[in-house]
Amino acid sequence: GGTATKTQNQSVFSEISFDMLDGRLVPLVGLRYFTDKRSADTYSGATTNRTFVEGKPDAWTWRANLSYRATDDWMLFVNAGTGFRSGILQSQAQADAVTADGVPSAISLTPDKLRNFEIGAKGTLAEGRLQLAVSAYDIRYTNLQSAFNTTAGLAAFANLGDATTRGVDVDLTWKTPLDGLVASLVANTNTSEFKDVIPAFAAANPGSAAGQRLYNTPKYNWRVDLRYEAPVGAEGWRIYTNGSVGRTGAARNASPGIDE
């Protein structure tokens, strides 16, 4: 047996930006239309025993950005936008098994979407020796698609509900007093949770209940890098060396019986 999947997508995108206040304020807006024709042809045993499913999702998405150069050294910015992911295809038997458990489903799932909002600042300190970028973001997912464990024992898929992620990103670079030595730090901390989950979905998959943290989403991560560069001899040779250390927080696993 096997499955042959075909995807044909098309999109049109346009954006415009312009300068205001002598270039210190720059707004930008963009719009995108996306259409996706998808099909899956599954057969088992004889090639006459086959199932064909297809979906034709489409969506409009947008993005907007506003940046403001408050001083020669600092810029403030706001980003916002939306995203789209085509619906998963599955067989009629899978869809029926999910529906029998009280969770709405179909051979072509409803596409999930996201809305992102971010605000931040980037600039330099200490006469340019210190570069800092920091931002806070808020992401909202709707109609999130997920695997579903049916009581019939058939692996399937469904739209579980909504979810949110909020966090802070930091990026810091320091040109140390030691000539050629540069230290940098990148870090993130965040919170995330499922929201408005279909009750039957949460009952069958308690790990995806409202208030639970999203799967595969570490609570934090950070990395420190040291880079050193120096000349060697009179022939223009240079040596480079670098080292790094980091840590990533625990993340939940969607597999039954495994959490973090």
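In what follows, residues are counted from 1 in the order of the sequence shown. Excluded from the calculations below are hydrogen atoms, water molecules and symmetry mates; all remaining heavy atoms, backbone and side chain alike, are included.
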Does [X] have more than 12 heavy atoms from other residues, nucleotides or ligands lying within 6.0 Å of its [atom1]?
X	atom1	result
Arg247	CZ	no
Asp179	CG	no
Ile16	CD1	no

Distance in Å, [X] [atom1] paired with [Y] [atom2], rounded so as to fall on 0.5 Å steps:
X	Y	atom1	atom2	answer
Ser244	Leu226	OG	CG	9.0 Å
Asn216	Arg252	CG	CZ	9.5 Å
Asn143	Asp162	CG	CG	6.5 Å
Thr142	Leu114	OG1	CG	8.0 Å
Leu172	Leu132	CG	CG	6.0 Å
Leu76	Ile119	CG	CD1	8.0 Å

Co-members of Trp62 in a cluster of I, L, V, M, F, W and Y side chains, linked at under 4.5 Å: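 Hydrophobic cluster check, Trp62: joined to Leu31, Tyr33, Trp60.
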Same cluster (ILVMFWY, side-chain, under 4.5 Å), [X] and [Y]:
X	Y	value
Val182	Ile239	no
Ile139	Leu144	yes
Val224	Val134	yes
Tyr141	Tyr215	yes
Val103	Ile88	no

Please check if the side chain of [X] supplies one atom and the backbone of [Y] the other of a donor-acceptor pair under 3.5 Å.
X	Y	answer
Arg115	Ala80	no
Gln145	Leu109	no
Asn65	Leu28	no
Tyr137	Asp169	no
Ser105	Phe157	yes
Ser208	Pro206	no
Asn188	Val170	no
Arg129	Thr176	yes

Asp36-Ser86 side chain donor-acceptor pair, cut-off 3.5 Å: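 Distance-only check passes for Asp36 and Ser86.
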Flag for Asp101-Thr151: side-chain donor and acceptor within less than 3.5 Å: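 Indeed, the side chains of Thr151 and Asp101 share at least one donor-acceptor pair under 3.5 Å.
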Heavy-atom distance under 4.5 Å between the side chains of [X] and [Y], does that happen here?
X	Y	value
Phe201	Ser146	yes
Thr164	Glu193	yes
Phe117	Val78	yes
Leu160	Ile198	no
Gln94	Phe148	no
Pro57	Phe34	no
Trp174	Leu125	no

Sequence neighbours excluded, every pair satisfying ring pair (Phe, Tyr, Trp, His ring centres under 6.0 Å) that has a member inside residues 221-240: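 Passing the test, one end in residues 221-240: no pairs.
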side-chain hydrogen bond (donor to acceptor under 3.5 Å, both in side chains), paired with Asn190, selected from Arg213, Arg166, Lys219: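 That would be Arg213; it is the only one of Arg213, Arg166, Lys219 passing the side-chain hydrogen bond (donor to acceptor under 3.5 Å, both in side chains) with Asn190.
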Minimum-distance pair of heavy atoms, taken over all atoms of [X] and [Y]:
X	Y	answer
Val197	Ala210	CG2-N, 3.7 Å
Ser135	Glu118	OG-OE2, 3.0 Å
Gly207	Phe194	O-CE1, 3.9 Å
Pro218	Ala251	N-CB, 3.8 Å
Ala70	Arg24	O-NH2, 3.2 Å
Glu15	Gly30	CB-CA, 3.6 Å

Qualifying salt bridge (charged side-chain N to carboxylate O under 4.0 Å, His left out) pairs with a residue from residues 196-205, counting only residues at least two apart or across chains: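 Qualifying pairs: Arg140-Asp196.
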Sidechain N-carboxylate O distance under 4.0 Å for Asp225, Arg227: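 No, this pair does not count.
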Ion pair Asp112/Arg85, N-O distance below 4.0 Å: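 Yes.
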